[in-house]
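What follows is a single structure, written as structure tokens, with notes after it.
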Amino acid sequence: MSTAKQPCVCVLMGSPSDHETMQHCINTLQALGIKTFVKIASAHRTPEQVITQITQADQNDCRAFIAAAGLAAHLAGMVAAHTQTPVIGVPLKAELDGLDALLSTVQMPAGCPVACMAIGKAGAINAAILAAQMIASTEPAVAEQLLTFKQKTQASRTKKADEIHARYAHDTAT
Ligand code: RP5
């Protein structure tokens, strides 16, 4: 029996209030068949817990951290300061339409990169896909899952587009 650890992704959120948006990230990782650890730990409120989670994840073949926070969003930057594993940041809306979190996440100093996604749900989903793409380079099964996922989501969009086209077929010029 193989004792090799399964590659995983660690999703960190600054607050329980972030879960509503980040469940889209977690659902996407699960749909892609990626082992996922989910923890709530705040760079400001519980910084020791953030360090503990980074250490534990890095002992478990963690291939990417996804760190999501709102307001003065320092979580992704803090994670990047404590690991060599790639960090994907997701800025979340709390105030200022998430612009505060976007700037806090994206404006990292040279030498400490964070791959910053879009604000909110789109960023949450893209964070999962980007993490999967990182893993896919060494795991053919994940590459296969990604291809199927993208084909399915595009087929769903095409079906909806066809329904809209059909609804207006008599009203607009072709
Ligand atoms: C951030 O502050 C969290 O990531 C959250 O997005 C925001 C608000 O947190 P709560 O006051 O709802 O716990 O640290």
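One-based numbering, in listed order, for ligands and for the atoms of each. Since we're looking at a predicted model, the values are computed, not measured. Position 1 is the first residue of the sequence; numbering continues from there.
- Closer than 4.0 angstrom to ligand 1 lie heavy atoms from G14, S15, S17, D18, R45, A69, G70, L71.
- One distance of note links CE of M22 with OG1 of T28; it measures 9.5 Å at 0.5 Å rounding.
- In this structure, E163 pairs ionically with K159, as a charged nitrogen and a carboxylate oxygen lie closer than 4.0 Å.
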Got a list of side-chain donor-acceptor pairs under 3.5 Å for residues 29-46, not counting sequence neighbours?
unit_1: T36; atom_1: OG1; unit_2: I34; atom_2: O; d: 2.8
unit_1: S42; atom_1: OG; unit_2: H44; atom_2: N; d: 3.1
unit_1: S42; atom_1: OG; unit_2: R45; atom_2: N; d: 2.9
unit_1: H44; atom_1: NE2; unit_2: H74; atom_2: ND1; d: 2.6
unit_1: T46; atom_1: OG1; unit_2: S42; atom_2: N; d: 2.8

For residues 51-58, dump all side-chain donor-acceptor pairs below 3.5 Å to protein atoms at least two apart in sequence or in another chain.
unit_1: T52; atom_1: OG1; unit_2: E48; atom_2: O; d: 3.0
unit_1: T55; atom_1: OG1; unit_2: I51; atom_2: O; d: 2.9
unit_1: D58; atom_1: OD1; unit_2: T85; atom_2: OG1; d: 2.8
unit_1: D58; atom_1: OD2; unit_2: T83; atom_2: OG1; d: 2.7

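- Using modelled atom types, no side-chain atom of N27 and backbone atom of H24 make a donor-acceptor pair closer than 3.5 Å.
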Table please: side-chain donor-acceptor pairs of residues 119-144 below 3.5 Å, with sequence neighbours left out.
unit_1: S137; atom_1: OG; unit_2: M134; atom_2: O; d: 2.9
unit_1: T138; atom_1: OG1; unit_2: R63; atom_2: NH1; d: 3.0
unit_1: T138; atom_1: OG1; unit_2: I135; atom_2: O; d: 3.3

